[in-house]
Amino acid sequence: MNNKQILLGVNIDHVATLRQARGTLYPEPVQAALIAEQAGADGITAHLREDRRHIQDRDIYLLKDVLHTRLNLEMAVTDEMVGIAGKVRPFACCLVPEKREELTTEGGLDVAGNLHRMQWACDKLASAGVEVSLFIDPDESQIDAAVKAGAPVVELHTGCYADAENPQQQAEELARIRQAAFYAHSAGLQVNAGHGLNFHNVEAICAIPEMVELNIGHSIIAQAVFSGLAQTVRDLKRIMRTNSRRF
Ligand SMILES: CC(=O)[C@@H](O)[C@H](O)COP(=O)(O)O
Ligand SMILES: NCC(=O)COP(=O)(O)O
């Protein structure tokens with residue numbers, strides 16, 4: 001079992017969404033990242049999408065230079081993105097699926113169906129000193145494939161849990177995540193989770209003892225509109241500390 005408090009990675013994508021909406025220089029995602037760190041974020045996540053709809057290349061290079069915690073670069077498994085990661089050398093890269101037409105990430109990577117490509121990306125990034133995380137559905141076949149691909153970390157996609165339409169469906173999705181976390185930890189993987197987590201649904205995920213880190217973005221930036229970013233991060237960290245079962 002893990003023996004530390006569960007960690008919070010703050011995803012700042014949607015600070016950049018607000019900036020890109022008008023093509024202004026503000027709000028500055030890098031400023032948001034530093035505020036989040038000072039408020040207790042254990043790391044900063046940023047998703048450099050192929051279409052650059054929010055985070056820009058310059059954001060990633062600046063974040064790498066100024067963060068005091070660590071940068072988790074989310075990216076698609078493409079030659080371009082692996083090349084950028086090799087130049088930036090963030091602490092970690094989380095490999096995610098991308099579809100140009102998607103509103104947001106719609107599911108986990110199909111590692112099992114693209115094993116050689118995933119092995120290639122894991123090898124390239126590991127040789128650059130980057131910790132690789134694979135963003136996957138809470139599915140044992142994908143966990144097995146992540147081990148074969150050589151990734152040390154998986155991030156379990158919590159979107160179906162977050163988007164559940166009723167308490168029964170949410171309970172079923174939570175059970176899937178719990179089982180996947182146990183299975184992945186038993187396989188020697190570090191277990192993270194993310195997507196769609198918020199102040200109302202995060203407690204049950206925090207209570208999963210194998211859970212090491214949660215990456216949360218959209219709900220933090222949304223709440224920050226009302227409470228401010230620093231206070232929002234402090235509030236969420238308090239909820240996570242209270243409900244964490246890591247010992
Ligand atoms: C992989 C994931 O769930 C998010 O980290 C991802 O960043 C979502 O994409 P958008 O930030 O573009 O909504
Ligand atoms: N990988 C999940 C993440 O970084 C943030 O996802 P969301 O909280 O913006 O849905």
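For the numbers below, each heavy atom of this structure counts, side chains included, while hydrogens, waters and symmetry mates do not. In each ligand, atom 1 is the first atom listed, and ligand 1 is the first ligand listed.
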Does Arg58 offer a backbone N or O that forms a donor-acceptor pair with the side chain of Gln56 under 3.5 Å? no
Taken to the nearest 0.5 Å, the spacing of Asp163 CG from Glu173 CD works out to 9.5 Å
If the cut-off is 4.0 Å to any non-hydrogen atom of Val96, which atoms of ligand 1 fall inside it? 1 (C)
Holding to salt bridge (Lys or Arg N to Asp or Glu O under 4.0 Å), I want the full list of residues that pass it with Arg234, two or more places apart in sequence or in another chain. none
Any heavy atom of Glu155 sitting closer than 4.0 Å to ligand 1? no
So, His195 versus Glu155: side-chain donor-acceptor pair below 3.5 Å or not? no
Side chains of Asp235 and Gln231: do they bring a donor and an acceptor to under 3.5 Å? yes
In the structure I gave you, are the side-chain heavy atoms of Leu156 and Asn192 within less than 4.5 Å of one another anywhere? no
Intermediate values then yes/no, salt bridge (charged side-chain N to carboxylate O under 4.0 Å, His left out), Glu102 and Arg53: CA-CA 11 Å; Glu102 67 184 3; Arg53 66 178 69 169; 5.4 Å; no
Looking only at the side chains, is there a donor atom on one of Glu140 and Gln179 sitting less than 3.5 Å from an acceptor on the other? yes
Could you check atom 13 (O) of ligand 1 against the protein and tell me its nearest heavy-atom contact, residue, atom and distance included? Thr104 OG1, 2.7 Å
Note: heavy atom closest to atom 11 (O) of ligand 1, options Asp13, Leu197, Leu103, belongs to Asp13
Among all protein heavy atoms, pick out the one at the shortest distance from atom 4 (C) of ligand 1; state its residue, atom name and that distance to 0.1 Å. Glu74 OE1, 3.5 Å
For ligand 1 and Arg53, I'd like to know whether there is a polar contact (N/O to N/O, distance under 3.5 Å). no
Should the proximity of His218 to ligand 1, defined as any heavy atom under 4.0 Å, be assigned to the side chain, the backbone, both, or neither? neither
Within this structure, what is the CG-SG distance for the pair Leu174 and Cys160, rounded to the nearest 0.5 Å? 13.0 Å
With respect to His157, determine whether any N or O atom, backbone or side chain, lies less than 3.5 Å from an N or O atom of ligand 1. no
No-hydrogen, no-angle side-chain donor-acceptor test under 3.5 Å, Asn72 and Glu74: no
If only atom types and distance count, is the side chain of Asn114 paired as donor or acceptor with the main-chain N or O of Leu109 below 3.5 Å? no
Classify the ring geometry between His54 and His14 as parallel (under 30°), tilted (30 to 60°) or perpendicular (over 60°). perpendicular
Residue and atom name of the nearest protein heavy atom (relative to atom 1 (C) of ligand 1), distance in Å to one decimal: Thr105 OG1, 3.4 Å
Could you tell me, atom by atom, which parts of ligand 1 come under 4.0 Å of a heavy atom of His54? 10 (P), 11 (O), 12 (O)
Show the protein residues that qualify under the rule heavy atom under 4.0 Å from an atom of ligand 2, listing them in chain and number order. Asn11, Thr45, Glu74, Phe135, Glu155, Gly194, His195, Gly196, Asn215, Ile216, Gly217, His218
Using a 4.0 Å heavy-atom cut-off, which part of Asn11 comes near ligand 1: side chain, backbone, both, or neither? side chain
Could you name the option among Met75, Arg49, His195 that has the heavy atom nearest to atom 9 (O) of ligand 1? Arg49
